[in-house]
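All residue numbers refer to positions in the sequence shown, counting from 1.
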Amino acid sequence: MLTTSREAARLAERQMSWKPRVAPFYISFGIIFAFSVWAYVPNPTPLGWAITILWGMPVFGVLIGFQGVLMVRRRLRQVDRMTPAVPVEDDFLIVLVPTIGRHDTYPALERSVLSYVEHLPPYFPWMRVDILTEEGCAAAEKIDELAGRHPLIRVVTVPKAYQTPNGTKFKARANHYSHELRIEEGEAEDDVWVLHMDDDTGVGPDTAAAVAQFVNRQRRAGDDAKHMAQGILTYPRENAVSTFTWLADAIRPADDIARFRAMTGTGTPIAGVHGELLIVRSSVEATIGWDFGPKTIVEDAQMALNFCQRYPGRSDWFNGRCYGASPAGIKDFLKQRERWAWGLVALCFNKTIPLRYRLFIGMGMVSWVLGPLQHVGLVLLVAWFTGTWNTSPVTQSVVLVWSINFAYVIWTYWEGLRLNVVASANHRRKWWEPMVVVACIPLFSFLEGWGGLRGLIKFLKREENKFVVIAKPA
């Protein structure tokens, strides 16, 4: 394997040996199910009906997520039969990195961009990194200096006067400008790929190998080739400012190997995609664009649903990682979740997209924005006020559904923490981390739900859309 340093080689080796573990799910399920059956008392009260519905809702998404985990395990068992990663000879790769260009986001941008020019060229002899900035951004001089440090980097500046036909704003506007520029420069071709990255998300040699393996596989596939693929977003501990938010974000890489693997990996990304480690064929992106209108603040998810309509069955998933950074604090964590929820709720009501493509995200959003009402603390508070201490479901059969849901939540944080640790320079879990991440699940769940509820409130109040960019840890 092509690598650039001993540490990079060790990282690539760790990633290749990783396989998702399902034992924590089975153990958690067994304990929760046994206790719930033992403690069950029929509960036909209003509280019993409420928690039966609220705690049972996520089961459909949970089953799909667990299917994705099993698919990952099956693919990794077949890795010896896959063609090894080799340099891409014919295709051209454009790494697109939009940035708001503030001084507090620049250090993470520099870290990320330098990782692209270090790790990608050995596998992509034909490539370029486009830093996408706004005219007059605060860190423009630093970004220009960064581009001058390597011939593969160029700065693409979006003019202040630029407007899309549909009046799109924020990151989607910048992406659309870049999309139009590629068309103008003759780069909207089948053999040109756009790798979308966030300005705080770097790559490693394992990332380059996985992306190259995917691109080469599509050239061999002929008419059955895929046009889009998504990898795994991880959070190395050395990129974290806050240990608390780093632990809270353990759920995100687990979601990538579960729900996103099951949906995007089977060809139709109805769960959406996220904006980093997303590779799209340039000719295909040119037919969709990013001009989704002024209310769009989750452009990646909307792009995925538009892709579903035009190219059903043509997306994939690959076992490659990128390396991001968790929010610097709880305030930024909530802002981030609020923006996602606000945009996704709006997307659920976007009638330009057929209902069958919005339905899965809609079901997930119902569960998310009702998160505070599902919280065990609130349930116990209501029980105390009403004097009804029985928190069993209406019927005992629901205990099975509850146990699956609760065990899956424990698994996401447990396995997500493991993924983040494997991606870290210090790749051994500290003895207390698994226990703390599981113990803090009620708090993490409350914060996730509170952020989602705030996003729903913003949508219902019809507030002006805002694309909040949080500070990016270096």
Between [X] and [Y], is any pair of side-chain heavy atoms under 4.5 Å apart?
| X | Y | answer |
| --- | --- | --- |
| Leu447 | Ile330 | yes |
| Ile361 | Ile270 | no |
| Val345 | Cys348 | no |
| Leu347 | Ile353 | yes |
| Phe307 | Val284 | yes |
| Asp200 | Thr105 | no |

[X] versus [Y], closest heavy-atom pair with distance:
| X | Y | value |
| --- | --- | --- |
| Asn319 | Ala210 | O-CB, 4.0 Å |
| Ala328 | Ser242 | O-CB, 3.4 Å |
| Ala212 | Val86 | CB-O, 3.8 Å |
| Arg281 | Ala225 | NH2-CB, 3.7 Å |
| Gly202 | Ser112 | N-OG, 3.7 Å |
| Tyr116 | Val97 | CE1-CG2, 3.5 Å |

[atom1]-[atom2] distance between [X] and [Y], expressed to the nearest 0.5 angstrom:
| X | Y | atom1 | atom2 | answer |
| --- | --- | --- | --- | --- |
| Leu93 | Leu120 | CG | CG | 6.5 Å |
| Trp414 | Ile441 | CH2 | CD1 | 10.0 Å |
| Arg73 | Leu76 | CZ | CG | 9.0 Å |
| Leu419 | Leu233 | CG | CG | 10.5 Å |
| Asp300 | Leu278 | CG | CG | 8.0 Å |
| Leu443 | Leu247 | CG | CG | 11.0 Å |

Looking only at side-chain N and O atoms, does [Y] offer a donor or acceptor that is under 3.5 Å from a partner on [X]?
| X | Y | value |
| --- | --- | --- |
| Glu338 | Trp450 | no |
| Tyr323 | Asp206 | yes |
| Asn426 | Ser424 | no |

May I ask you to decide whether [X] forms a salt bridge with [Y], counting only side-chain N to carboxylate O separations under 4.0 Å?
| X | Y | result |
| --- | --- | --- |
| Glu433 | Arg237 | yes |
| Lys171 | Asp198 | yes |
| Arg75 | Asp316 | yes |

Polar side-chain atom of [X] near backbone of [Y] as donor-acceptor pair, under 3.5 Å:
| X | Y | result |
| --- | --- | --- |
| Gln218 | Phe214 | yes |
| Thr268 | Gly313 | yes |
| Arg261 | Asp256 | no |
| Thr234 | Asn420 | no |
| Ser315 | Ala229 | no |
| Arg259 | Gly68 | no |
| Ser28 | Ala407 | no |
| Trp246 | Tyr235 | yes |
| Thr412 | Ala254 | no |
| Asp199 | Thr99 | no |

Within the 6.0 Å centroid threshold, strictly below: [X] and [Y]:
| X | Y | result |
| --- | --- | --- |
| Phe349 | Phe459 | yes |
| Tyr413 | Phe444 | yes |
| Phe170 | Trp290 | no |

Original post:
Do Arg321's NZ or CZ and the ring of Trp18 fall within the cation-pi criteria of under 6.0 Å and 45°?
Top reply: yes
Original post:
For Phe333, is the NZ or CZ atom of Arg337 found under 6.0 angstrom from the centre of its six-membered ring and inside 45 degrees of the ring axis?
Top reply: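 That pair qualifies as a cation-pi contact.
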Original post:
Which is it for Asp249 and Ser326 under the side chain to side chain donor-acceptor pair (under 3.5 Å) test, yes or no, and what are the steps along the way?
Top reply: CA-CA 7 Å; Asp249 259 341; Ser326 298; 3.2 Å; yes
Does the plane of the ring in [X] sit parallel, tilted or perpendicular to the ring in [Y]? Use 30° and 60° as the thresholds.
| X | Y | value |
| --- | --- | --- |
| Phe35 | Trp38 | tilted |
| His227 | Tyr311 | perpendicular |
| Trp402 | Phe406 | tilted |

**OP:** I would like to know whether Val382 and Leu47 meet side chain to side chain contact (heavy atoms under 4.5 Å, CB included); could you show each step before the answer?
**Re:** CA-CA 8 Å; Val382 172; Leu47 178 62; 4.0 Å; yes
Over 12 non-hydrogen atoms of neighbours within 6.0 angstrom of [atom1] in [X]:
| X | atom1 | value |
| --- | --- | --- |
| Arg21 | CZ | no |
| Arg220 | CZ | yes |
| Trp384 | CH2 | no |

Original post:
Could you go step by step and tell me if Trp368 and Trp340 meet the side chain to side chain contact (heavy atoms under 4.5 Å, CB included) rule?
Top reply: CA-CA 11 Å; Trp368 185 6; Trp340 292 346; 3.8 Å; yes
Subject >> Step-by-step ring pair (Phe, Tyr, Trp, His ring centres under 6.0 Å) determination, Phe66 to Phe25 >> reply: CA-CA 10 Å; Phe66 198 69; Phe25 171 82; 4.6 Å; yes
**OP:** Let me know which of Arg314, Met263, Met303, Met228 forms a side-chain contact (heavy atoms from CB on, under 4.5 Å) with Pro269.
**Re:**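 Looking at Arg314, Met263, Met303, Met228, the match for Pro269 under the side-chain contact (heavy atoms from CB on, under 4.5 Å) is Met228.
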**OP:** Have a look at Val211 and tell me which of Phe318, Tyr123, Trp193 forms a side-chain contact (heavy atoms from CB on, under 4.5 Å) with it.
**Re:** Phe318
**OP:** Might you work through the side chain to side chain contact (heavy atoms under 4.5 Å, CB included) test for Leu277 and Thr207, ending with a clear yes or no?
**Re:** CA-CA 9 Å; Leu277 203 54; Thr207 321; 3.6 Å; yes
**OP:** Taking side chain to side chain contact (heavy atoms under 4.5 Å, CB included) as the test, write out the residues that go with Ile457, two or more places apart.
**Re:** Leu453, Lys461
Subject >> Trp55 vs Asn405, side chain to side chain contact (heavy atoms under 4.5 Å, CB included): CA-CA, chis, key distance, verdict >> reply: CA-CA 8 Å; Trp55 287 358; Asn405 290 346; 5.8 Å; no
**OP:** Among Gln230, His196, Arg252, find the one that has a side-chain hydrogen bond (donor to acceptor under 3.5 Å, both in side chains) with His274.
**Re:** Gln230
